[in-house]
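Structure, as structure tokens:
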Amino acid sequence: MGESRQELVAWLNDLLKLNITKVEQCGTGAALCQVYDSIFGDVPMHRVKFNVNTEYAYLANFKVLQSTFTAKQIPRTIPVQQLVKCKMQDNLDFLQYTKKYWDQHFPGGDYDAVARRQGQGVTTSGPSASAPRKVASTGAGAARRGVTPTTGPRVARTGGAASAALEQENSTLKETVAGLERERDFYFSKLRDIELLVQQACDEDPEIEKQEDGLIKHIQTILYSTEDGFEIPAEADGFDDQETF
């Protein structure tokens, strides 16, 4: 029997210097990519994104992982579509396999996880959010040393109303952006599911894609149509995009 969820999470945090709290978080693909980087040392970690929360970004991370599996001839199919749903059992099964592979192939020695991912992600050795912060001395203590104290009330007297209005406007804009991002992610997820169904149908019966007036062709036309002036961003860094899941 493989390690428990708690043991696997503790192992990941110790190896990668992260603050992962549950195995479902492996569904982003980022931590998995770095586990294999700790073994081989040549996974393109600059292409792996840790602080992401969309299925599209998760798929991009798994594309990097799949390329590594292909290059290193690892005899294991990555169940990408199941893992990116961030369900516990699917990610637990794959993480247990990953830990077993790591136990067998990790070369030993020190692995600088934070440097390899260029500081992405929340590290266990980083500053605590509740750690005290140094502040400039104010009040009577500063006055005794001949320093003019700088306190909040002076700022409040000169710009309190304007500052409050700006804070309110900023808060409103943040709520609007958050709502738009949730809506965008929701509809993208739906379109991605439709695209996967279309691809599955074409794989099962390639002839239906050749029917110019068929339903599949009409769906593809809608999925891949663009507006005037829209350009699909080019892939950066010349990474090999021919690998598939």
Side-chain angles (χ1 to χ4, degrees), residues 1-45 47-131 181-182 185-186 188-189 192-193 196 245:
M1 181 180 294
E3 289 87 346
S4 68
R5 286 177 290 172
Q6 292 79 7
E7 291 171 331
L8 290 169
V9 167
W11 165 69
L12 278 178
N13 287 332
D14 181 62
L15 174 66
L16 306 182
K17 302 300 182 290
L18 290 170
N19 275 336
I20 292 174
T21 58
K22 51 187 179 181
V23 297
E24 291 90 327
Q25 290 173 263
C26 291
T28 69
L32 292 171
C33 284
Q34 189 155 26
V35 170
Y36 288 92
D37 182 68
S38 74
I39 298 172
F40 303 114
D42 58 0
V43 175
M45 293 303 299
R47 292 187 61 85
V48 178
K49 306 303 179 186
F50 280 78
N51 301 318
V52 292
N53 58 5
T54 65
E55 189 172 312
Y56 178 80
Y58 304 164
L59 290 170
N61 286 341
F62 275 107
K63 194 172 187 180
V64 175
L65 186 62
Q66 180 63 70
S67 179
T68 298
F69 271 45
T70 301
K72 306 302 180 181
Q73 298 181 342
I74 300 176
R76 172 81 177 198
T77 299
I78 304 176
V80 176
Q81 297 306 325
Q82 287 75 34
L83 295 176
V84 297
K85 299 301 181 183
C86 296
K87 296 297 179 63
M88 188 276 293
Q89 191 59 53
D90 294 321
N91 280 279
L92 176 61
D93 291 343
F94 194 78
L95 187 55
Q96 287 176 335
Y97 167 81
T98 294
K99 176 59 163 60
K100 181 179 179 181
Y101 189 91
W102 185 87
D103 287 337
Q104 295 173 346
H105 298 91
F106 181 63
D110 295 331
Y111 175 69
D112 193 341
V114 179
R116 283 292 294 154
R117 63 175 179 266
Q118 300 176 341
Q120 293 189 85
V122 180
T123 66
T124 55
S125 58
S128 170
S130 60
E181 288 179 342
R182 286 194 298 269
D185 294 343
F186 173 79
F188 176 84
S189 177
R192 178 59 178 163
D193 289 341
L196 292 173
F245 295 132

Between CD1 on residue I20 and CG on residue D14, distance to nearest 0.5 Å: 12.0 Å
Closest heavy-atom pair and its distance - F94, P79: CD1-CD, 3.8 Å
Atom pair CE (M88) and CG (D93), whose distance is rounded to the nearest 0.5 Å: 8.5 Å
Heavy-atom check, side chain of C33 versus side chain of T68, under 4.5 Å: no
Sidechain-backbone polar pair: T70 side chain, Q66 backbone, donor-acceptor under 3.5 Å: yes
Residues which pass side chain to side chain donor-acceptor pair (under 3.5 Å) with S38, listed by chain and number, not counting sequence neighbours: W102
Qualifying salt bridge (Lys or Arg N to Asp or Glu O under 4.0 Å) pairs with a residue from residues 18-28, counting only residues at least two apart or across chains: none
Minimal non-hydrogen separation, F62 against I78, with atom names: CD2-CG2, 3.9 Å
Heavy atoms from other residues, nucleotides or ligands near CZ of R116 exceed 12 (cutoff 6.0 Å): yes
Closest approach of L95 to V23 (non-hydrogen atoms, all atoms of both residues): CD2-CG1, 3.9 Å
Distance in Å, L32 CG paired with T98 OG1, rounded so as to fall on 0.5 Å steps: 5.0 Å
Set of salt bridge (charged side-chain N to carboxylate O under 4.0 Å, His left out) partners for K49, sequence neighbours left out: none
Partners meeting side-chain contact (heavy atoms from CB on, under 4.5 Å) with A30 (sequence neighbours left out): T28, V48, F50, N61
Exercise: identify the closest heavy-atom pair between G27 and C86: CA-SG, 3.8 Å
M45 to Q120 - nearest heavy-atom pair and separation: O-NE2, 4.1 Å
CA sep, side-chain torsions, deciding dist, call: E3, D103, side-chain contact (heavy atoms from CB on, under 4.5 Å): CA-CA 12 Å; E3 289 87 346; D103 287 337; 4.1 Å; yes
Close side-chain approach of Q96 to L8, heavy-atom, < 4.5 Å: yes
Under the salt bridge (charged side-chain N to carboxylate O under 4.0 Å, His left out) test, residues paired with D42 that sit two or more places apart: K72
Any side-chain heavy-atom pair of L18 and L12 under 4.5 Å: no
Expected output: side-chain R117 to main-chain L16 donor-acceptor under 3.5 Å: yes
Salt bridge (Lys or Arg N to Asp or Glu O under 4.0 Å) pairs, two or more places apart, involving residues 106-115: none
Trace of the side-chain contact (heavy atoms from CB on, under 4.5 Å) decision for L59 with Q81: CA-CA 8 Å; L59 290 170; Q81 297 306 325; 4.0 Å; yes
Chi angles and distances behind the side-chain contact (heavy atoms from CB on, under 4.5 Å) call for Q6, V9: CA-CA 5 Å; Q6 292 79 7; V9 167; 5.9 Å; no
Residue pairs passing the salt bridge (Lys or Arg N to Asp or Glu O under 4.0 Å) test where at least one lies in residues 50-59, sequence neighbours excluded: E55-K85
Atom pair CG/SG of L83 and C26 - distance to nearest 0.5 Å: 9.0 Å
By side chain to side chain donor-acceptor pair (under 3.5 Å) - contacts of N53 (at least two apart): none
Listed partners of Q25 passing side chain to side chain donor-acceptor pair (under 3.5 Å), at least two apart: T21
For Y36, all residues meeting ring pair (Phe, Tyr, Trp, His ring centres under 6.0 Å), sequence neighbours excluded: F69, Y101
With sequence neighbours excluded, residues passing salt bridge (charged side-chain N to carboxylate O under 4.0 Å, His left out) with D90: none
Q104: side-chain contact (heavy atoms from CB on, under 4.5 Å) partners, not counting sequence neighbours: K100
Intermediate values then yes/no, side-chain contact (heavy atoms from CB on, under 4.5 Å), K99 and E7: CA-CA 10 Å; K99 176 59 163 60; E7 291 171 331; over 6 Å; no
